[in-house]
Amino acid sequence: MTDVPLTQPRSTNPFSGLMSGTVGPVTVVVLAIIAIWYIAAVALNTPFQKDIYERAGQSDVAVSQMVTDTLFQERPVLPAPHQVIVEIWETTVEKKITSKRSLVYHTGITLSSTLMGFLIGTTLGILLAIGIVHSRVLDKSLMPWIISSQTIPILAIAPMIIVVLNAVGISGLLPKAMISTYLSFFPVTVGMVKGLRSPEVMHMDLMHTYSATRLQAFWKLRLPYAVPYLFTSMKIGMAASLVGAIVGELPTGAVAGLGARLLAGSYYGQTVQIWSALLMAAFLAGSLVALIGVLEKLTLKRMGMAQ
Amino acid sequence: MNALASAKDTEMVETTTSASPNRVIDIENLSLTFETNDGPVHALSDIDLKIEEGDFVSFIGPSGCGKTTLLRVIADLEKPTAGHISVNGVSPEEARLNRAYGYVFQAAALYPWRTIAKNVALPLEIMGLSAAEQRDRIARNMELVNLTGFEKKYPWQLSGGMQQRASIARALAVEPDLLLMDEPFGALDEIVRDHLNEQLLQLWAKTNKTVVFVTHSIPEAVFLSTKIVVLCPRPGRIYDVIESDLPRDRSLDIRETPEFLKIAHRVREGLKAGHSYED
Amino acid sequence: MSTMTAPKRRLDMPALLAWFVVAMVVVGLFSPIFGPDYGIMDVPRLALCLVILAIAGVRYELGFMRNLVGDLILGLVTAIAAWLLIATVTNHAGEATLGFWALTAATWASAWLFVERLAVWKSASPTAQRIINLAIPAMFGITLLVLWQLIVTGAGVPKVLLPAPSEIWVRLTNSVPTLWADFQQTFLKAVLAGYIIGCGSAFIVAILVDRVPFLRRGLLPIGNLVSALPIIGVAPIMVMWFGFDWPSKAAVVIIMTFFPMLVNTVSGLAASDAMQRDLMRTYASNYWQTLLKLRLPMAMPFIFNALKINSTLALIGAIVAEFFGTPIVGMGFRISTEVGRMNVDMVWAEIAVAALAGSLFYGIVALLERAVTFWHPSVRGGRA
């Protein structure tokens, strides 16, 4: 064999490997977003900064000085990323968790109603899906409503549920969790119905040849098939649940929770506070969804369904 | 193995312009190596092949022998890594840009949102032909594949055989002198396949086009071709080229004649020999 | 309707329901209907209701007329019974006792029985079958409304907690001008403007991103992540930046609709398979020809998926953004202020309008989808 393989010309640039995956591009895009954020912060905060200089009688401020000042205003139109980070640091690490000004405290409040609502909603959704798959009447009468109810702005009911339940003496965690339940059970129901119906006809026929009962077919065939669907819809349900919890905190008169921080921030023009609550909410959503993702990986691996 | 001969040449694919006027495809020392994570794969090695105008050439061989890859090189869907190839006397890329060939894929690949007539019109729209010319060519080529009357139907309303015929009409509508077909009837059942083979031969006789046809069916290759190229894998190379002496005008009955069986036997021997080589 | 020929008497769901109807009728016969001491004989209309329900239940148990006519009579009986109950309870609001609830339960069970029967109807004609398939959820919805009405009025639930459907309807018809003004402000201005700008700009960005593989790999994971974030939280910021009027709400809608559209369009543009792209290459087709003739049509199911998701998100975004500050008009504003004043019926009227607007918006997008992607297996109901 004197075969000399003729390779196609390939770039030996070490960056090409990094940039062809997703890690490189994502990093670059994130850095670009942060850069744009800084530029926007300077641009949006400049008018107010000029006002300050005028009132102070300073007319010849160096551009570099002005740029620095725009990034350290107390109530900027758009706070710079580092201001938000500092605010988050001060309100999480440097405050006692029990303090009303601790972001951890507010996040915990939101998290607890999110999780409570999510758990009830998921359980409800699974049970409803099982009913729908096994009962033709439930399927024909309920399913169209479940689907069309997704087109209705359910969140609009949130303030009413809170206030009305408050009026009859139910307050605290439960009303908010109810909104989360409401929002998270729809995706779970729809996803589970789809999942429980996903076994192929051939597999169902096989169960039929074993004259398996409906219960056996459910445990041995339908449920395993539905698990991937369940996790996908649980991710959507978790995200919806958090939105529900945050919106549920708006009408309670801004007492506690991330939603309350948003509302209080907007009342008093505390932009840094709004942004830190917003970033915290984003972080919370990201970690919760990621957590379900990890659970999904582990479960599917155990079931031998992971690729 | 002497791929070295081609390796000595430059990596660039050169165009031979010295081909005779009625030589449609001229391939010399052509090789193609894919770089994969498991090391290089020699999809094609040291291929030499001449195809004359009016030929019906079949590429046959086991899977992985590079028959489809060779067809794709002719169509400029793959670039060779060494050697020379010319199509109509120019490089495959120029030939593609001149719309010198029509290509029929393994599946019909019709667009479900277009009617059959609009599917046939697709290449014509891209070429920028006038509406009148398009209408004319659609009617002519739909008739050629016996699909007149199905213009307004959507692909998913037709059977698999009819879909594949529509895709042949689409390739013919470009009005190329060269037709490249990649296992076009592979997914169809045998009865439909026989029928379409017969129709394809009639079409070839009527239009006198050059056809390059990829298949893994021995009877199909022998029945259709004037020249059968047997390829074998690892590395993909030509094992045998059989010039068929069957008459150009043939019917399905010819498959029971001794001449047919003789050629089929030689093809089968070639496939066997090529196959045992790897062990 | 093969139940006629089935000789074996299984205790299936319809049979159980019929027994339940009969049992409830018996309870209703011997229990007080309304407080303080109304019996069934004191309320002639309810007596009639009781009699027809009893006949319907017993008839089903005995197996008479288990056919189309029998089912239709059952539906009619249920409707009359429901109407009699509603008409009676209005004069005795909050006084209902065991007998009344038994009759309510009997009516509900008979409605359920009717739906059970309706679900096994098979019609050869596709139009008739479609009507049946629409009638079942419609029946379910009407049953829910009737129960709501009966329970709220019968038990005398305070209006601030849950108004009866009839009260909501009265409020709705009396406040058409206010509701219309709110609808204009929130839907016609904020939602539509935000939806069109958000989806449109995301579509253009998606086409640009698609041309640069680097950007596509970088933006897609971020777009997916952002879709899971509570974006609605930007509402207070948008209100600060763009003022109280509708542009700030439109801005929230733009941000909320942007990412689902971006992610879906980008994955839709990648949906064409290798063979189809090779085909275009053999035609020496240029970028724009491939985009227009192959990749955009291929992306349409994905794009419409985003448009449908966004039709819901847009309305939610605009309403919730109004909780953070508005001029004195708008659906979100009305909901939050009327809740504060405990005018719950007005809130429900506003929610009814929002639900109607949301469903119509979604329905129009879905109809458009059917027209554009008629060829897709999910629409034509066939194999791929």
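First the proteins, then the strands, lettered A, B, ... as listed; each starts at 1. What's counted below: heavy atoms across the whole structure, side chains too, no hydrogens, waters or symmetry copies. Just so you know, these numbers come straight off a predicted model, no measurement behind them.
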Examine whether an atom of [X] lies under 4.5 Å from a heavy atom of chain A, and if so say whether it belongs to the side chain, the backbone or both; otherwise answer neither.
| X | result |
| --- | --- |
| Met331(C) | neither |
| Val239(C) | neither |
| Leu219(C) | both |

Based on non-hydrogen pairs under 4.5 Å, which of [options] is most in contact with chain A?
| options | value |
| --- | --- |
| Ile319(C), Ile237(C), Ile316(C), Leu220(C) | Ile237(C) |
| Gly317(C), Gly332(C), Gly141(C), Ser336(C) | Gly141(C) |
| Thr143(C), Val344(C), Val226(C), Ile136(C) | Ile136(C) |

How far does CG of Leu229(C) sit from CG of Leu279(A), to the nearest 0.5 angstrom?
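Reported to 0.5 Å precision, the distance equals 10.0 Å.
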Between Ile274(A) and Met240(C), is any pair of side-chain heavy atoms under 4.5 Å apart?
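They are in side-chain contact.
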May I ask you to test the Leu263(A)-Phe323(C) pair for a side-chain heavy-atom distance under 4.5 Å?
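No, their side chains stay 4.5 Å or more apart.
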Which bit of Leu262(A) comes within less than 4.5 Å of chain C, counting heavy atoms only: side chain, backbone, both or neither?
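Both parts, heavy atoms under 4.5 Å.
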Heavy-atom cut-off 4.5 Å, strictly under: side chain, backbone, both or neither for Leu284(A) against chain C?
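For Leu284(A), there is no contact with chain C at all, as no heavy atom is under 4.5 Å.
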For chain C, which candidate among Leu78(A), Ile33(A), Val30(A), Asp139(A) shows the most heavy-atom pairs at distances under 4.5 Å?
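So the answer, after comparing Leu78(A), Ile33(A), Val30(A), Asp139(A), is Leu78(A).
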Just give me the residue among Val26(A), Thr271(A), Leu258(A) that pairs up with chain C most often, heavy atom to heavy atom, under 4.5 Å.
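Maximum pair count with chain C is reached by Val26(A).
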Sort by residue number and list every residue of residues 108-115 of chain A having at least one heavy atom under 4.5 Å from chain C.
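Near chain C, by residue number: none.
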What residues of residues 286-296 of chain A make heavy-atom contacts with chain C at a cutoff under 4.5 angstrom?
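Checking residues 286-296 of chain A against chain C gives Gly286(A), Val289(A).
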For Tyr182(A), look at atom OH and say whether over 12 heavy atoms of other residues, nucleotides or ligands are found less than 6.0 Å away.
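Counting other residues, nucleotides and ligands, OH of Tyr182(A) stays at 12 neighbours or fewer.
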For the student: nearest non-hydrogen atoms of Pro230(C) and Ala281(A), plus distance:
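Minimum heavy-atom contact is CG-CB, 3.8 Å.
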